Amino acid sequence: MPFVLRPYRRFPVLCDVTYEHWFYEGQGTVWNLSFTGWRLSGDLPLAIGDVCSLAMTLPTSKQISVAAGIVRWVRREEFGIETLVINGKAQAQLREYIREHMKTL
């Protein structure tokens, strides 16, 4: 996989995540996120190109759901997910969380 600069900075988090691929559900942890992607690990194996849905609760207790994300990279049980479809409310909550987090760095 060629090296590509990300368009957004990633921020560390530690959040539980539930993700679904086809009819299977996985549980895991989101380790970092940006406006357009998440790094997570979990118990349901995914492959590059898989499309899944994701749901997590931010440390601020806001629920974030992604209707569709695509797996861009895999390293054992870790996955890089690019968000493809996220509703406006969830996107606004995610942006608010990241902007507030940026102020503390």
Side-chain angles (χ1 to χ4, degrees):
M1 185 166 131
F3 177 78
V4 177
L5 286 176
R6 289 187 177 97
Y8 296 103
R9 181 176 174 190
R10 293 240 175 147
F11 294 93
V13 294
L14 188 58
C15 301
D16 292 334
V17 65
T18 300
Y19 59 104
E20 296 180 6
H21 176 63
W22 289 100
F23 300 106
Y24 299 99
E25 183 176 280
Q27 303 292 320
T29 303
V30 176
W31 298 101
N32 64 42
L33 53 80
S34 74
F35 292 123
T36 60
W38 303 5
R39 185 186 81 157
L40 63 100
S41 61
D43 60 3
L44 176 65
L46 297 172
I48 293 172
D50 283 350
V51 175
C52 60
S53 61
L54 305 106
M56 79 164 170
T57 303
L58 290 171
T60 58
S61 299
K62 304 264 175 137
Q63 296 284 327
I64 303 293
S65 295
V66 174
I70 188 167
V71 179
R72 294 297 186 191
W73 58 263
V74 175
R75 291 186 197 110
R76 296 188 185 138
E77 69 279 343
E78 287 191 342
F79 318 105
I81 309 287
E82 178 184 357
T83 54
L84 298 175
V85 179
I86 183 170
N87 75 35
K89 181 179 178 183
Q91 189 173 36
Q93 290 172 333
L94 182 59
R95 285 186 184 277
E96 177 184 332
Y97 174 77
I98 290 173
R99 285 193 179 114
E100 288 299 316
H101 194 70
M102 286 171 54
K103 292 177 186 177
T104 65
L105 298 178

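Just so we're clear, the structure is a prediction, and the values are computed from it rather than from any experiment.
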Contact between [X] and [Y] at the side-chain level, heavy atoms closer than 4.5 Å - yes or no?
X   : Y   : answer
T60 : E96 : no
L54 : L40 : yes
L46 : I81 : yes
M56 : Y19 : no

Cluster check [X], [Y]: I/L/V/M/F/W/Y, side chain < 4.5 angstrom:
X   : Y   : result
Y24 : V74 : yes
L44 : I70 : no
W31 : Y97 : no
V66 : I98 : yes

For the [atom1] atom of [X] and the [atom2] atom of [Y], what is their distance to the nearest 0.5 Å?
X   : Y   : atom1 : atom2 : result
S65 : Q91 : OG    : CD    : 13.0 Å
W22 : D50 : CH2   : CG    : 9.5 Å
E25 : S53 : CD    : OG    : 8.5 Å
S61 : Q93 : OG    : CD    : 11.0 Å

Between [X] and [Y], what is the shortest heavy-atom contact and its length?
X   : Y   : result
G42 : F79 : N-CE1, 3.9 Å
Q63 : T57 : NE2-OG1, 2.7 Å
H21 : V51 : ND1-O, 3.0 Å

Matching residue for W38 among V13, N32, I64 - test: side-chain contact (heavy atoms from CB on, under 4.5 Å): I64

N87 CG: over 12 foreign heavy atoms closer than 6.0 Å: yes

T36 (side chain) donor-acceptor with E82 (main chain) under 3.5 angstrom: no

Salt bridge (Lys or Arg N to Asp or Glu O under 4.0 Å): pairs with one or both residues in residues 54-65, sequence neighbours excluded: none

